[in-house]
2 protein chains.
Amino acid sequence: MNTFVTKSLTEHNIKPTFPRMKIYEYLMEHKNHPSVDSVYQELVEEIPTLSRTTVYNTLHLFLERGLVQPILINENEVRYDGDTTVHGHFMCRECGVIHDIFFQDLNLDDASLDGFQVEQKQVYYNGVCPQCK
Amino acid sequence: MNTFVTKSLTEHNIKPTFPRMKIYEYLMEHKNHPSVDSVYQELVEEIPTLSRTTVYNTLHLFLERGLVQPILINENEVRYDGDTTVHGHFMCRECGVIHDIFFQDLNLDDASLDGFQVEQKQVYYNGVCPQCK
DNA sequence: ATATTTGCAAATAATTTGCAGTCGA
DNA sequence: TCGACTGCAAATTATTTGCAAATAT
């Protein structure tokens, strides 16, 4: 079906089953950092047998295998990002949209981290986005 | 009772009632970024009539008035930090402890934020702390 | 008195778990 | 057939809400 999706999953040691492929495809096509529920709501239209459990299972598996990164900017739900590179996230308090911040010149290492084995870095900004100002 | 606590609350337009003073005092004495429940569990020993609702109410109020900042590094609960200065947090995947990272030379502004009105900045690191390595 | 604060109990919402049915090698 | 995958239903957990009792000005 979609060779890119199949390849990405296989390369991360994930068997490319139908729901997994659809969920990954969804993440690749929707860069709006969806929640578990929005992935479910969108895909259940197309796949009526899909369950929330499968979406949870799948995203946990993707996380474990490094295919997605979690965004914990919102107190009440986890959002997922199919882009696993280090970049920031800005959440607008007006519209609620989460924007990607691709740093031009920001180095998140600091001498105060000496001795710590850093595996993940997350940077979150809150405020008002240009459109809402 | 504790003039520092009373003063801090009053200065932030918070009436220094008994539970509020105890909760703020707890935050000042415990820099381990407690969750609502751990604040509750600790203080209910001393104040048997304390309710979780009051801890929620109080911490929300503190947040609104800028007396504490939330730490969303953990998927399943919000932690609170009585230090509202901009600094990072490192969560160890072994021991679960959240360490403060006081940057020596890190500037979180970047040209890619032009146009955004930034009100809060949060930096989280995950990995293994020096003690657990 | 009157407004604010507190706290119980019930409701809500996200996530996890147990388990049975299904699918594919 | 066997192990992995899926999905329903129930359980769990953090948080919120409604409301009544207590408290303070």
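What you see below is based on every heavy atom in this structure, not just the backbone, and it leaves out hydrogens, waters and symmetry mates. Residue numbers start from 1 in every chain, and the chains themselves are labelled A, B, ... in the order their sequence lines are given, proteins ahead of strands.
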Rounding to a whole Å, what distance do you find between [X]:[atom1] and [N]:[atom2]?
X: Leu59(B); N: dT6(C); atom1: CG; atom2: P; value: 12 Å
X: Glu75(B); N: dA14(D); atom1: CD; atom2: P; value: 13 Å
X: Asn76(A); N: dT15(C); atom1: CG; atom2: P; value: 8 Å
X: Glu77(B); N: dT16(D); atom1: CD; atom2: P; value: 14 Å
X: Leu63(B); N: dT15(D); atom1: CG; atom2: P; value: 12 Å
X: Tyr80(B); N: dA14(D); atom1: OH; atom2: P; value: 13 Å

Any ring-ring contact (aromatic ring centres under 6.0 Å, His included) pairs touching residues 33-56 of chain A, not counting sequence neighbours?
->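 Residue pairs with at least one partner in residues 33-56 of chain A: His33(A)-His89(A).
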In chain order, what residues pass the ring pair (Phe, Tyr, Trp, His ring centres under 6.0 Å) check against Tyr124(B), with sequence neighbours excluded?
->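 By the ring pair (Phe, Tyr, Trp, His ring centres under 6.0 Å) rule, Tyr124(B) matches Tyr124(A).
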Considering residues at least two apart in sequence or located in another chain, which fulfil the side chain to side chain contact (heavy atoms under 4.5 Å, CB included) criterion with Asn13(A)?
->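 Arg65(A).
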What protein N or O atoms touch nucleotides 1-8 of chain D N or O atoms at under 3.5 angstrom, if any, and at what distances?
from, atom 1, to, atom 2, distance (Å)
dA4(D), O3', Lys15(A), NZ, 3.3
dC5(D), OP1, Arg20(A), NH1, 3.1
dT6(D), OP1, Thr17(A), OG1, 2.6
dG7(D), OP1, Thr49(A), O, 2.8
dG7(D), OP1, Thr49(A), OG1, 3.3
dG7(D), OP2, Thr54(A), OG1, 2.7
dG7(D), O5', Thr49(A), O, 3.3
dC8(D), N4, Thr53(A), OG1, 3.1

Under 30°, 30 to 60°, or over 60°: which ring-plane class applies to Phe116(B) and Phe90(A), parallel, tilted or perpendicular?
->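 Geometry flag for Phe90(A) against Phe116(B): tilted rings.
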Listed by chain and number, what are the side-chain hydrogen bond (donor to acceptor under 3.5 Å, both in side chains) partners of Lys15(A), not counting sequence neighbours?
->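 Result, side-chain hydrogen bond (donor to acceptor under 3.5 Å, both in side chains) vs Lys15(A): none returned.
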Only counting residues at least two apart or in another chain, list the ones meeting side-chain hydrogen bond (donor to acceptor under 3.5 Å, both in side chains) with Arg20(A).
->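 By the side-chain hydrogen bond (donor to acceptor under 3.5 Å, both in side chains) rule, Arg20(A) matches no residue at all.
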Given dT15(C), is OP1 or OP2 found less than 4.0 Å from the side-chain N or O atoms of Tyr56(A)?
->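 Affirmative; the distance criterion is met.
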Can a side chain N or O of His60(B) be found less than 4.0 Å away from OP1 or OP2 on dT16(D)?
->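 For dT16(D), OP1/OP2 do have a side-chain N/O of His60(B) under 4.0 Å.
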